[in-house]
Amino acid sequence: MNVLAREFYRRDAVRLARALLGKIVVHETREGVVAGRIVETEAYRGPADRAAHSYGGRRTARNEVMYGPPGHAYVYFIYGMHWCLNVVAAETDVPEAVLLRALEPIEGIDVMRARRGVATRDEHLLRGPGNLCRALGVTREQNGHDFAASPLFIADASPIPASQIARTPRIGVDYAGADAARPWRFIIGASPSVSGKNLVRRVGK
DNA sequence: AGGAAGATCCGCT
DNA sequence: GCGGATCTTCCTG
């Protein structure tokens, strides 16, 4: 298994969001190894993006890792119940990130199911950013972790052809004005693990 | 010091 | 489709 190196992440969040499709997230936990294939991502583009935590250059204890080097985990808590896992993109001091919204389960199905504590199909165990963290065992403890190192890392895999990728506006950012409409959510259209509807236009070449 | 809103999920109607 | 759960974070006064 080939772990992605730091340089892979050193690009803007939109390009990284697309490039991460098909890659493998692995978390080695006490309960067992859990892994999944990335099928849904969203890009958050720094100070100019009203939907981003770093909008306007806002810098707080919470989003501090967005300002750090690329390839690290930005984990935050939302709605009083859920954690969300992001991959920091771009250069140090350029606060961009990619939200991981859904994976296809590959390994550790039993562990994921136990953590979720809900009856659902295997393909849905890692669907949705909150569910993904719950099943992977990701919480505040992983905030700032380097994705190039155990126990939480991302492994390389073949790039996904453009014909299999679709893009849509991001979910849950209606408050972001003009930025709400930007097509910065990327999905592998055919995957049964993608949240919401799959349609919308293809990514051009 | 206080309050509002949030990159969500699930169960019920 | 709607609303309740639940709490951190940040902004205001």
Side-chain angles (χ1 to χ4, degrees), chain A residues 9 12-18 20-21 25 36 38-68 70 72-90 94-105 112-145 147 166-187 192-198 200:
Chain A
Y9 304 97
D12 72 74
V14 175
R15 288 182 183 284
L16 181 61
R18 189 200 178 292
L20 280 171
L21 291 177
V25 176
I38 299 172
V39 296
E40 178 177 354
T41 59
E42 281 180 359
Y44 286 87
R45 291 217 62 183
D49 177 7
R50 287 188 62 171
H53 288 167
S54 54
Y55 174 60
R58 212 166 84 214
R59 185 168 186 160
T60 66
R62 178 176 65 156
N63 68 9
E64 182 61 28
V65 303
M66 288 185 78
Y67 288 82
H72 288 249
Y74 169 39
V75 183
Y76 67 89
F77 194 65
I78 189 91
Y79 295 126
M81 347 186 42
H82 302 292
W83 296 96
C84 288
L85 175 61
N86 297 255
V87 181
V88 175
V94 179
E96 303 195 12
V98 174
L99 172 65
L100 301 183
R101 291 192 55 91
L103 315 182
E104 271 177 19
M112 297 181 201
R113 188 171 290 285
R115 288 199 181 117
R116 287 291 309 279
V118 68
T120 188
R121 313 159 46 192
D122 288 356
E123 301 82 33
H124 292 177
L125 287 171
L126 298 169
R127 185 176 66 163
N131 292 335
L132 182 156
C133 284
R134 182 96 186 264
L136 287 185
V138 168
T139 67
R140 172 166 231 88
E141 288 174 42
Q142 281 71 41
N143 190 43
H145 177 79
F147 272 116
R167 57 194 297 180
T168 81
R170 295 169 292 181
I171 306 296
V173 299
D174 295 343
Y175 59 87
D179 292 326
R182 300 192 186 285
W184 288 348
R185 170 174 175 255
F186 293 85
I187 62 182
S193 300
V194 167
S195 70
K197 329 176 184 68
N198 296 14
V200 193

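Quick note on labels: first sequence line is chain A, next is B, and so on, each numbered from 1. Given the structure is predicted, the values throughout are model-derived calculations rather than measurements.
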Novice: For Gly80(A) and Asn63(A), find the nucleotide of DNA chain C closest to each by heavy atoms; which residue's nucleotide sits nearer the 5' end?
Specialist: Gly80(A)
Novice: Do Tyr44(A) and Val98(A) touch side chain to side chain, with heavy atoms closer than 4.5 Å?
Specialist: no
Novice: Could you encode protein contacts along nucleotides 7-13 of chain B as a string, one character per nucleotide from 5' to 3', using B for base contact, S for sugar-phosphate-only contact and - for no contact, with a heavy-atom cut-off of under 4.0 Å?
Specialist: BBSS---
Novice: Where do Arg50(A) and Asp179(A) come nearest, in terms of heavy atoms and distance?
Specialist: N-OD2, 2.8 Å
Novice: If you look at every heavy atom in Gly57(A) and Pro47(A), which pair is closest and at what distance?
Specialist: N-CB, 3.7 Å
Novice: Expressed as a whole number of Å, how far does the P atom of dA7(B) sit from that of dG1(C)?
Specialist: 23 Å
Novice: In whole angstrom, what separates Arg58(A)'s CZ from dA5(B)'s C1'?
Specialist: 11 Å
Novice: Between Tyr74(A) and Tyr76(A), what is the ring plane arrangement, given parallel below 30°, perpendicular above 60°, and tilted in between?
Specialist: tilted
Novice: Can you check the Asp174(A) CG to dA5(B) C1' distance for me, whole Å?
Specialist: 14 Å
Novice: Would you check if Arg113(A) and Leu125(A) make a side-chain contact, meaning some heavy-atom pair closer than 4.5 Å?
Specialist: yes
Novice: Between the side chains of Ser195(A) and Arg127(A), is a donor N or O closer than 3.5 angstrom to an acceptor N or O?
Specialist: no
Novice: Check every strand shown and say whether Arg140(A) touches a base, only sugar-phosphate, or nothing at a heavy-atom separation below 4.0 Å.
Specialist: sugar-phosphate
Novice: For DNA chain B, list all stems, counting runs of three or more consecutive pairs where every pair is Watson-Crick or G-U wobble with both distances under 3.5 Å.
Specialist: B:1-6 with C:7-12, B:8-12 with C:1-5
Novice: Under the side chain to side chain contact (heavy atoms under 4.5 Å, CB included) rule, what do Gln142(A) and Trp83(A) come out as? Steps first, then yes or no, please.
Specialist: CA-CA 11 Å; Gln142(A) 281 71 41; Trp83(A) 296 96; over 6 Å; no
Novice: Between dG2(B) and dT6(C), how far apart are the two P atoms, rounded to whole Å?
Specialist: 22 Å
Novice: Taking all non-hydrogen atoms of both residues into account, name the closest pair between Val65(A) and Val88(A) and its distance.
Specialist: O-CG2, 3.5 Å
